[in-house]
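Reviewing the structure listed below.
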Amino acid sequence: MPELPEVTTIVNELKEEIVGKTIDDLEVRLPKMAQGAIGGVQGQKVTSVERRAKLIVIRLSTDNLAIHPKMTGQLFYLPPGKNETIAGEKDGKYTHVVFNFSDGSRLLFNDLRQFGYVKVLSNEQLNKILSEHYGIEPVDPAFTVEKLNGIIKSHPSMRMKALLTDQTIIAGIGNIYVDEALWEAKTHPLTKAGLLTDQEIAALHTGITIVLTDALKYLGTSMDMYRRTTGEKGEYEQHRRVYRRDGQPCPRCKTTIKRITVGGRGTHFCPKEQVQKH
DNA sequence: CGATTCCCCTGATAGC
DNA sequence: TGCTATCAGGGGAATC
């Protein structure tokens with residue numbers, strides 16, 4: 001499931017390939033996956049590729065594409081001439097939207113579960129969505145310990161897992177990295193935000209930073225459908241500490257990692273080091 | 001304001 | 001073998 005490190009990886013790889021190229025034409029094979037005036041992007045040139053929260057934002061001459069991978073969305077870049085397969089990933093039954101660039105290269109949007117989308121937005125619509133639906137970026141210099149402290153204290157009754165996954169509060173962190181960051185900080189996912197001490201908040205800030213930096217270094221986690229734009233996997237799976245490691249020993253204290261469900265999401269933690277406060 | 005539930009969807013897996 | 005029930009999960013909407 002692409003979160004901040006995965007989307008950043010996709011954006012970094014994609015901008016090297018498509019900035020400056022013109023969209024010659026496109027195929028929308030599953031109409032519900034493409035929202036807005038998708039046909040209007042034909043003839044428009046890519047001016048930049050950016051990330052905001054878990055969105056891939058492709059800015060064009062006049063409009064913008066906002067692509068959300070949700071659980072299983074993928075973006076594959078196929079160089080000119082490689083029109084069928086790349087790194088074993090095919091243009092196939094899960095390919096719902098295809099952009100053909102003027103140099104013969106292509107961009108495929110695949111999504112097995114069809115939760116994701118490609119949206120065409122005007123600058124105004126894009127700015128409105130980006131500013132109204134998403135909170136601070138955890139990799140922004142403005143995301144200081146003091147800022148996190150203020151955020152946590154303004155939502156004292158929220159459980160930490162819910163607070164950190166809420167995109168309107170902090171943008172880009174999802175299920176995997178919340179579990180990892182809470183483990184780093186030795187904070188229980190169900191502890192209410194108002195019960196954290198300043199020291200614990202500082203440890204959490206460090207944890208978030210460490211985990212996101214490390215995951216980006218390894219180009220993301222490919223336990224499910226996430227793949228790089230080349231079709232290759234990210235390697236963070238081998239470095240994770242708790243996510244989907246229930247039944248296995250905590251890397252620090254060897255206690256068996258536990259799994260619970262919070263807000264319908266699988267949540268993993270060390271029951272010895274991460275104790276719920278009341 | 002926050003928690004809960006339902007829904008979108010399909011592959012993997014378990015049970016019979 | 002193959003059918004059926006269950007589950008995973010980002011995010012938005014509806015409900016409590």
Side-chain angles (χ1 to χ4, degrees), chain A residues 1-8 10 29-36 51-57 66-75 88-90 92-97 109-119 121 125 128-135 137-138 150-181 188-196 212 215 220-227 237 240 242-247 258-269 276-278:
Chain A
M1 58 203 80
E3 302 178 26
L4 189 152
E6 290 78 18
V7 177
T8 300
I10 290 168
R29 301 177 188 173
L30 189 56
K32 71 163 185 173
M33 303 300 292
Q35 303 167 13
R51 180 194 64 76
R52 170 76 170 114
K54 301 176 194 171
L55 278 177
I56 296 135
V57 176
I67 302 173
H68 202 312
K70 293 284 183 81
M71 301 286 300
T72 54
Q74 303 168 319
L75 277 177
E89 304 294 337
K90 281 199 160 184
K93 62 189 285 200
Y94 306 125
T95 304
H96 305 309
V97 183
F109 177 64
N110 288 17
D111 191 355
L112 184 150
R113 290 189 189 166
Q114 304 174 15
F115 285 180
Y117 58 76
V118 176
K119 264 184 193 164
L121 300 167
Q125 289 170 324
K128 185 176 163 68
I129 287 171
L130 296 189
S131 60
E132 290 181 3
H133 294 280
Y134 300 107
E137 288 287 339
I151 288 169
I152 285 175
K153 286 183 175 152
S154 64
H155 298 278
S157 61
M158 279 186 89
R159 291 165 168 174
M160 285 308 302
K161 172 96 182 192
L163 188 153
L164 295 174
T165 46
D166 189 326
Q167 301 300 297
T168 66
I169 300 174
I170 300 172
I173 308 177
N175 215 28
I176 298 174
Y177 301 113
V178 166
D179 284 6
E180 296 295 320
H188 191 288
L190 293 180
T191 292
K192 292 193 174 180
L195 298 175
L196 265 65
L212 293 180
T221 304
S222 287
M223 299 184 68
D224 293 309
M225 296 293 289
Y226 163 70
R227 294 293 183 276
E237 171 183 350
R240 74 200 199 284
V242 287
Y243 184 73
R244 289 196 198 168
R245 287 195 68 253
D246 42 309
K258 193 175 172 187
R259 180 187 190 279
I260 58 174
T261 299
V262 181
R265 268 66 190 171
T267 300
H268 316 74
F269 64 101
Q276 186 175 2
K277 291 184 152 192
H278 292 283

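Residue numbers begin at 1 in each chain, while the letters A, B, ... track the order of the sequences. The structure displayed is predicted, hence computed values, not measured ones.
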NA contact type, [X], heavy-atom cut-off 4.0 Å: base, sugar-phosphate, or nothing?
| X | answer |
| --- | --- |
| A:Asn175 | sugar-phosphate |
| A:Tyr177 | nothing |
| A:Lys161 | nothing |

Tell me the interatomic distance from [X], atom [atom1], to [N], atom [atom2], rounded to whole angstroms.
| X | N | atom1 | atom2 | value |
| --- | --- | --- | --- | --- |
| A:Asp224 | C:dA8 | CG | P | 12 Å |
| A:Lys119 | C:dG11 | NZ | P | 12 Å |
| A:Met33 | B:dT10 | CE | P | 10 Å |
| A:Asp166 | B:dA3 | CG | P | 10 Å |
| A:Leu163 | C:dG11 | CG | P | 15 Å |
| A:Leu30 | B:dC8 | CG | C1' | 12 Å |
| A:Leu130 | C:dG11 | CG | C1' | 16 Å |
| A:Gln114 | B:dC7 | CD | P | 18 Å |

Distance test, side-chain N/O of [X] to OP1/OP2 of [N], below 4.0 Å:
| X | N | value |
| --- | --- | --- |
| A:Lys192 | B:dC1 | no |
| A:Arg159 | B:dC1 | no |
| A:Arg259 | C:dC7 | no |
| A:Arg113 | B:dC7 | no |
| A:Tyr226 | C:dG9 | no |
| A:Lys54 | C:dG11 | yes |

By nearest heavy atom, map A:Gly264 and A:Ile169 onto DNA chain B; which one lands nearer the 5' end? A:Ile169
Quick check on DNA chain B: between A:His155 and A:Gly263, whose nearest nucleotide comes earlier from the 5' end? A:His155
Give the nucleotide from the list [options] with an atom nearest to the side chain of [X].
| X | options | result |
| --- | --- | --- |
| A:Met1 | B:dA3, C:dG11, C:dG9 | C:dG9 |
| A:Phe115 | B:dG11, B:dT10, B:dC8 | B:dC8 |
| A:Lys93 | B:dC9, B:dG2, B:dG11 | B:dG11 |
| A:Tyr94 | B:dG2, C:dG9, B:dG11 | B:dG11 |
| A:Met71 | C:dG9, C:dG12, B:dC9 | C:dG9 |
| A:Lys70 | C:dG11, B:dG2, B:dC9 | C:dG11 |
| A:Met158 | C:dG11, B:dG2, B:dT10 | B:dG2 |

Are there over 12 heavy-atom neighbours, none belonging to A:Lys258, within less than 6.0 Å of that residue's NZ?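 Counting neighbours around NZ of A:Lys258, 12 or fewer heavy atoms of other residues, nucleotides or ligands fall under 6.0 Å, so no.
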Greater than 12 external heavy atoms within 6.0 Å of A:Lys153's NZ: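 Result for NZ/A:Lys153: enclosed.
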Backbone N or O of [Y] within a donor-acceptor pair of the [X] side chain at under 3.5 Å?
| X | Y | answer |
| --- | --- | --- |
| A:Gln167 | A:Gly172 | yes |
| A:Gln74 | A:Asn110 | no |
| A:Gln276 | A:Pro189 | no |

Under 6.0 Å between ring centres: does that hold for A:Tyr117 and A:His68? yes
What orientation do A:His268 and A:Tyr243 show, parallel under 30°, tilted 30 to 60°, or perpendicular over 60°? perpendicular
On DNA chain C, does the nearest nucleotide to A:His133 precede the nearest nucleotide to A:Thr72 from the 5' side, or the other way round? Give the residue.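 Looking at DNA chain C, the more 5' nearest nucleotide goes with A:Thr72.
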